[in-house]
Amino acid sequence: MISATPFSKGDFVLSWNNDTITCNGEAVSAVERIAPHPQLIAKKLLNFPVTIGFSVDETGRAVDMRVLEGGYVEGELEASFDTEAKTMRIDTKRFLARFAVRDLMPSLRASRFVEGARRSECRVVYSPQYVEAARVPRDTLAILGVVPRMLLNTALRDQLGGGDCSTVGWPAPLFRGFPDFRKVSARDGARKWSWVRFDIDENGAPANVSVIFSSGDADLDAQSLLAFRDNRFAGGPRTGCVAAWWRNPGVIPAPPAPEDSDFPDFRSCEKLRSWDKKPKLTYPQAYNERAIEGWAVLGFDIAADGTVGNVRVLSVQPSEEFGEVGAAVLRSGRFEAGDAAVTQCVERVRFVTTKDAAATSDS
């Protein structure tokens, strides 16, 4: 599995706009819509919409998520190994296309619909929108700057703050204040964040401290102001300094998993073979960033030499991507060799995050 870091430079900002959401042919509205993360992109990778199919469970969350049309299939990662040169070649264009749609289903899972009744045959179409990074609106730039593992470069930070603090360079910090995150509640599946703008006077003290953009949480805004007003620096002056504080998402638990009796043609093979090489446990990165849990029930066979093969997804929630990652986890392991192959095995892969309310700053 490849863990990819969002781009921190590029000529374009990619955002996704969605059309009307329909279930069984009727328009429905989200009680709380979580937009996909914007991304910095070096070039326009996708110029066509992506259609996501899903259902809505009794809790008002999207389940059964899968790509119906669009760039997902086009973006499958392809790699080949040259045994003579001992090098690996990766089809990066297809990988980058896959990377561009990475937050569509996680953000849909983080959104909420009306509770109490299941809905089926739901569809939503996401269309890509590209804006030159130098011309992107400051409110979009603020959202971009709090995407997990995204770091705005100095030019974009000064574009956001309307000064030259990042270009000139921050003076060394002497004292740094922190928000009291005990007073800030978590938002399930999405960060709460506050961007603070301030100047630094000739004595190294912050001045003109204000929240310029935020996700709208009054408690975090107040705590961010208190934290930055307490900072002290070794020198100045500077104008238009910006920095963000955020509260990481609250956990969205996985939907209930099926019983073993739902798969009568499969069996647990743990008593027949032991692991010779345990699988490499990997969490789907985009879901981990939103603290979204999931599971996959996988059928597979074990060859006589212990190789795992014929892996198929029997059931998966809340999206097909947990099945893909679960299958990759299973294939990364190897059982002890035996006298004959073992078939119709079943294994559950549960994706559980222990992420809590840990908060960090980009500065």
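Here, residue 1 is the first one in the sequence, and each next residue gets the next number.
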Minimum heavy-atom distance [X]-[Y], with the two atoms named:
X	Y	value
Arg247	Leu220	N-CD2, 4.3 Å
Ile292	Phe322	O-CZ, 3.9 Å
Asp301	Arg312	OD1-NH1, 3.6 Å
Met105	Arg66	SD-N, 3.7 Å
Ala190	Pro249	N-CB, 3.4 Å
Ala254	Trp295	CB-CD1, 3.7 Å

So side-chain hydrogen bond (donor to acceptor under 3.5 Å, both in side chains) across residues 202-213, not counting sequence neighbours, yields Asp199-Asn208
Sorted by first residue and then second, give each side-chain hydrogen bond (donor to acceptor under 3.5 Å, both in side chains) pair with at least one member in residues 137-148; sequence neighbours left out.
none
Side-chain donor-acceptor contact under 3.5 Å, [X] with [Y]:
X	Y	answer
Gln39	Arg102	no
Thr307	Arg334	yes
Asp217	Ser215	no
Ser194	Asp221	yes

Result block: side-chain N/O donor-acceptor pairs under 3.5 angstrom for residues 264-271, not counting sequence neighbours:
from, atom 1, to, atom 2, distance (Å)
Arg267, NE, Thr343, O, 3.4
Arg267, NH2, Thr343, O, 3.4

To the nearest 0.5 Å, what is the distance between [atom1] on [X] and [atom2] on [Y]?
X	Y	atom1	atom2	result
Lys280	Ser332	NZ	OG	8.0 Å
Ser15	Gln129	OG	CD	6.0 Å
Ile200	Cys165	CD1	SG	5.0 Å
Arg290	Arg191	CZ	CZ	10.0 Å
Ile143	Phe213	CD1	CZ	9.5 Å
Ser319	Leu108	OG	CG	9.5 Å

Hey, is the main chain of Gly161 close enough, under 3.5 Å, to the side chain of Asp158 for a donor-acceptor pair?
no
Donor-acceptor check, side chain of Asp230 to backbone of Ala227, threshold 3.5 angstrom: yes or no?
no
Are Phe300 and Val346 connected in the hydrophobic side-chain network, where two residues link if heavy atoms are under 4.5 Å apart?
no
Give a yes or no on whether Ile252 and Val63 share a hydrophobic cluster (residues Ile, Leu, Val, Met, Phe, Trp, Tyr; joining criterion: side-chain heavy atoms under 4.5 Å apart).
no
Quick check, are the ring centers of Phe178 and Trp245 under 6.0 angstrom apart?
yes
Could you pull out all donor-acceptor pairs under 3.5 Å where a side-chain atom in residues 231-242 meets a protein atom, sequence neighbours excluded?
from, atom 1, to, atom 2, distance (Å)
Asn231, OD1, Gly177, N, 2.7
Arg232, NH1, Arg229, O, 3.2
Arg238, NE, Gly169, O, 2.6
Arg238, NH2, Gly169, O, 3.1
Thr239, OG1, Asp164, OD1, 3.3

Checking Asp276 now: which residues fulfil side chain to side chain donor-acceptor pair (under 3.5 Å) with it, not counting sequence neighbours?
none
I need the full list of salt bridge (Lys or Arg N to Asp or Glu O under 4.0 Å) pairs touching residues 341-350, with sequence neighbours left out, sorted by first then second residue.
Asp260-Arg348
How does the hydrophobic cluster around Leu68 look, that is, which other residues are in it when side-chain heavy atoms under 4.5 Å mark a link?
none
Connected hydrophobic set around Ile34, excluding itself, where side chains approach under 4.5 Å
none
The test is side chain to side chain contact (heavy atoms under 4.5 Å, CB included); show your working for Leu40 and Val13 and say whether it passes.
CA-CA 5 Å; Leu40 276 174; Val13 174; 3.8 Å; yes
Contacts of Arg118 that satisfy salt bridge (Lys or Arg N to Asp or Glu O under 4.0 Å) - sequence neighbours left out:
Asp64
Would you check, one step at a time, whether the test side chain to side chain contact (heavy atoms under 4.5 Å, CB included) holds for Asn24 with Ser120?
CA-CA 6 Å; Asn24 292 315; Ser120 59; 3.5 Å; yes
Would you please name every residue forming a side chain to side chain contact (heavy atoms under 4.5 Å, CB included) with Tyr283, sequence neighbours left out?
Tyr287, Asn288, Glu293, Phe351, Thr353
Identify, with sequence neighbours excluded, every residue that meets side chain to side chain contact (heavy atoms under 4.5 Å, CB included) alongside Gln159.
Val136, Leu141, Leu156
Take atom CD in Glu336; do more than 12 heavy atoms of anything else shown fall under 6.0 Å from it?
yes
Kindly assign one of parallel, tilted or perpendicular to the pair Phe12 and Tyr130, based on the angle between their ring planes and the thresholds 30° and 60°.
perpendicular
Would Asp188 and Glu32 count as a side chain to side chain contact (heavy atoms under 4.5 Å, CB included) here? Give the steps.
CA-CA 11 Å; Asp188 292 346; Glu32 181 182 22; over 6 Å; no
Filter on disulfide (SG to SG under 2.5 Å), then keep only pairs touching residues 114-155, sequence neighbours left out; what's left?
Cys23-Cys122
